[in-house]
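Below is one structure, written out as structure tokens, with a few remarks after it.
In the text below, chain A, chain B and the rest are named by the order of the sequence lines, each starting its count at 1. Quick caveat, the model's predicted, so the values are computed rather than measured.
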Protein chains: 2
Amino acid sequence: MRVDARKNYDCLLAVASEVFADQGADASLRDIARKAGVGLGTLYRHFPTREALLETVLRASFEALAERAKVLERSDSADEALLAWMQETTEFTYSQRGIIALMMDAIEDTDSELHASCVMLRAAGTALLTRAQAEGKARDDLNGAELFDLIAALAWLREQPSHASRADRLFDIVAGAVLKDRGDV
Amino acid sequence: MRVDARKNYDCLLAVASEVFADQGADASLRDIARKAGVGLGTLYRHFPTREALLETVLRASFEALAERAKVLERSDSADEALLAWMQETTEFTYSQRGIIALMMDAIEDTDSELHASCVMLRAAGTALLTRAQAEGKARDDLNGAELFDLIAALAWLREQPSHASRADRLFDIVAGAVLKDRGDV
DNA sequence: TGACAAAATGGAGCGGTGCTCCGATTATTC
DNA sequence: GAATAATCGGAGCACCGCTCCATTTTGTCA
């Protein structure tokens with residue numbers, strides 16, 4: 001890659017990261033190009049789709065979440081590990097409003113640049129769920145896809161302004177549906 | 001209202017109803033005006049906002065759902081009544097994809113034309129919940145706002161193509177979190 | 001019936017979006 | 001230093017929501 005191309009690429013990534021965090025995943029790409037001092041064509045050549053740009057911006061976060069799941073798998077408490085990961089995952093998607101809807105689209109769209117990341121995340125969650133089930137901490141009639149749906153629903157709720165004050169309550173309610181025999185949380 | 005105005009108003013409503021059901025709540029208003037054989041300005045005078053148009057299109061459905069809640073309140077089984085209403089409400093929002101997000105916005109925005117309808121719906125659900133709680137069928141630490149959030153989350157999930165095959169399962173899981181002591185459903 | 005005011009119309013226009021395409025520019029190589 | 005290939009950036013297209021107002025239609029009243 002030519003040095004000028006590299007510079008623009010890096011600059012676009014930095015600006016996009018900021019703008020997406022600030023305005024959500026549906027921020028104007030034209031705006032990102034402008035703020036990066038770059039033409040729109042340049043943005044589109046480096047990142048042919050919005051998903052491609054988002055994937056690159058968020059790849060590190062995705063991998064961190066997957067890595068975090070691996071660490072939590074080695075923790076003492078299988079149920080608390082699962083809960084912690086669910087919490088961290090919903091909080092991550094909240095930091096990039098709008099991305100959970102794209103992820104739901106991407107997880108079954110093998111053409112999407114976000115596809116691999118979503119599949120990886122779902123697998124990471126499934127591992128934690130399976131372990132919790134093996135220890136009798138999570139309900140057995142639940143699979144990874146369903147867990148992912150529940151997390152997505154919580155993440156979507158968290159994006160709704162009117163829901164803000166009840167976010168923690170709803171998380172507990174859904175968590176209670178995933179785990180079993182917890183008594184009062 | 002002048003007869004020509006009345007004709008356009010009715011025509012717009014009929015077309016909008018069809019288009020919203022077909023393309024979702026974010027359909028192009030220009031497209032609706034075009035299909036109704038009417039200028040864009042005419043649409044905007046009759047319905048100053050997208051919410052106003054949606055509210056008018058869906059008012060009957062909103063009222064039917066509230067009325068349905070009243071009927072269910074007189075049924076034998078409080079828990080089954082609550083479940084049935086939750087089911088019918090999520091199915092209604094599914095018939096107008098995208099509307100649940102608008103409703104979540106509207107429920108705390110007193111300026112929105114959808115506000116009154118949303119408040120009414122939430123109250124209808126709250127009544128069913130309260131009754132179920134009084135009979136010991138629903139968990140006590142849940143209020144109407146939280147129930148509305150859960151329904152909204154289910155409705156949003158239902159809109160996601162990747163989720164389709166698990167819609168019923170997820171409904172049962174969430175239903176299980178709302179009711180108590182049901183054993184196997 | 002004919003004139004006139006009020007009501008209603010509809011589309012041009014504004015600023016924004018995503019996305020494509022290509023002439024101009026710049027970096028690299030020989 | 002010239003040739004070449006990579007890169008750039010913005011004009012252009014079709015769309016969006018929304019406003020504004022010259023024009024047309026309707027209803028009323030003499």
Side-chain angles (χ1 to χ4, degrees), chain A residues 1-57 96-99 101-102 105-106 109 111-114, chain B residues 1-20 22-57 96-99 101-103 105-106 109 111-114:
Chain A
M1 194 187 282
R2 253 165 59 169
V3 295
D4 54 343
R6 171 98 252 159
K7 201 192 70 186
N8 283 338
Y9 182 93
D10 292 340
C11 185
L12 275 169
L13 268 190
V15 169
S17 174
E18 214 172 298
V19 173
F20 282 141
D22 207 49
Q23 310 183 14
D26 57 350
S28 159
L29 295 185
R30 201 182 235 95
D31 197 39
I32 290 174
R34 199 159 30 218
K35 280 194 172 110
V38 146
L40 195 53
T42 302
L43 184 151
Y44 274 100
R45 186 160 353 84
H46 285 307
F47 307 100
T49 68
R50 168 175 243 105
E51 276 84 8
L53 179 53
L54 271 168
E55 202 275 336
T56 313
V57 164
Q96 306 280 334
R97 264 150 298 141
I99 208 195
L102 292 174
D105 281 349
D109 175 9
D111 291 339
S112 167
E113 285 89 348
L114 284 169
Chain B
M1 194 186 285
R2 255 166 57 170
V3 295
D4 55 341
R6 169 100 252 159
K7 202 194 71 189
N8 283 336
Y9 181 93
D10 292 340
C11 186
L12 275 169
L13 267 191
V15 169
S17 174
E18 215 173 297
V19 173
F20 281 141
D22 207 50
Q23 310 184 15
D26 58 349
S28 159
L29 296 184
R30 201 181 237 100
D31 197 40
I32 290 174
R34 198 157 33 216
K35 281 194 171 111
V38 145
L40 195 52
T42 302
L43 185 150
Y44 274 99
R45 187 159 352 82
H46 285 307
F47 307 99
T49 67
R50 166 176 243 106
E51 277 84 7
L53 180 52
L54 271 168
E55 202 276 336
T56 312
V57 164
Q96 307 280 336
R97 266 150 298 143
I99 208 196
L102 291 174
M103 288 171 67
D105 281 349
D109 175 9
D111 291 338
S112 167
E113 286 89 348
L114 284 169

Subject >> Residue pair Asp26(B) / Arg50(B): nearest heavy atoms and the distance that separates them >> reply: C-NH2, 3.1 Å
Subject >> Given DNA chain D, 5'-ward residue of the pair Leu40(B) and Asp4(A), judged by closest heavy atom >> reply: Asp4(A)
**OP:** Might you confirm whether atom CD of Gln23(A) has over 12 heavy atoms from other residues, nucleotides or ligands at distances under 6.0 Å?
**Re:** yes
Original post:
Any sub-3.5 Å donor-acceptor pair from Ser17(B)'s side-chain atoms to Leu13(B)'s backbone N or O?
Top reply: no
Original post:
Charged N to carboxylate O under 4.0 angstrom, Arg34(B) versus Asp31(B)?
Top reply: yes
**OP:** Would you confirm whether Arg30(B), through its side chain, and Gly39(B), through its main-chain N or O, come within 3.5 Å as a donor-acceptor pair?
**Re:** no
Subject >> OP1 or OP2 of dG9(D) under 4.0 Å from side-chain N/O of Thr42(A) >> reply: yes
**OP:** Answer with base, sugar-phosphate or nothing: what part of the nucleic acid does Ala27(B) contact at a heavy-atom distance below 4.0 Å?
**Re:** sugar-phosphate
Original post:
Could you give the CZ-to-C1' distance, from Arg6(B) to dT25(D), as a whole number of Å?
Top reply: 18 Å
**OP:** Grab the NE2-P distance between His46(A) and dA6(D) for me, whole Å please.
**Re:** 14 Å
**OP:** Could you say whether Asp26(B) or Val3(B) is positioned toward the 5' end of DNA chain D, judged by the nucleotide with the nearest heavy atom to each?
**Re:** Asp26(B)
Subject >> Lys7(B) NZ - dT26(D) C1' separation (whole Å) >> reply: 12 Å
**OP:** Quickly work out the Tyr9(A) OH to dT7(D) P distance and round it to whole Å.
**Re:** 13 Å
Original post:
Choosing from dG17(D), dT9(C), dC16(D), which nucleotide comes nearest the side chain of Arg34(B)?
Top reply: dC16(D)
Subject >> Quiz item: Arg2(B) side-chain donor-acceptor pair to dA7(C) base, under 3.5 Å >> reply: yes
Original post:
Roughly, in whole Å, what's the span from NZ in Lys35(B) to P in dG10(C)?
Top reply: 18 Å
**OP:** Side chain of Val38(B) only, please: which of dC19(C), dG9(D), dG10(C) is the nearest?
**Re:** dG10(C)
**OP:** Calculate the interatomic distance between Asp31(A) atom CG and dG18(C) atom C1'; express it in whole Å.
**Re:** 13 Å
**OP:** Can you measure from CD (Glu113(B)) to CG (Leu102(B)) and round to the nearest 0.5 angstrom?
**Re:** 11.0 Å
**OP:** Identify whether any heavy atom of Leu29(A) sits under 4.0 Å from a base atom; if not, whether one sits that close to sugar-phosphate; answer base, sugar-phosphate or nothing.
**Re:** sugar-phosphate
Original post:
Met1(B) has an atom CE; how far is it from atom P of dG27(D), in whole Å?
Top reply: 13 Å
Original post:
Which part of the nucleic acid does Ser28(B) contact within heavy-atom distance under 4.0 Å: base, sugar-phosphate only, or nothing?
Top reply: sugar-phosphate
Original post:
Considering only heavy atoms and no angle criterion, is a donor-acceptor pair shorter than 3.5 Å present between the side chain of Arg30(B) and the base of dG17(D)?
Top reply: yes
Original post:
Within this structure, what is the CG-to-C1' distance between Leu43(A) and dG18(C), rounded to whole angstrom?
Top reply: 11 Å
Subject >> dT9(C) phosphate, OP1 or OP2, under 4.0 Å from Asn8(B) side-chain N/O >> reply: yes
**OP:** Ignoring the backbone of Arg45(B), work out which of dA27(C), dG10(C), dG12(D) is nearest its side chain.
**Re:** dG10(C)
Subject >> Listed nucleotide nearest any side-chain atom of Tyr44(B), set dG9(D), dG18(C), dG17(D) >> reply: dG17(D)
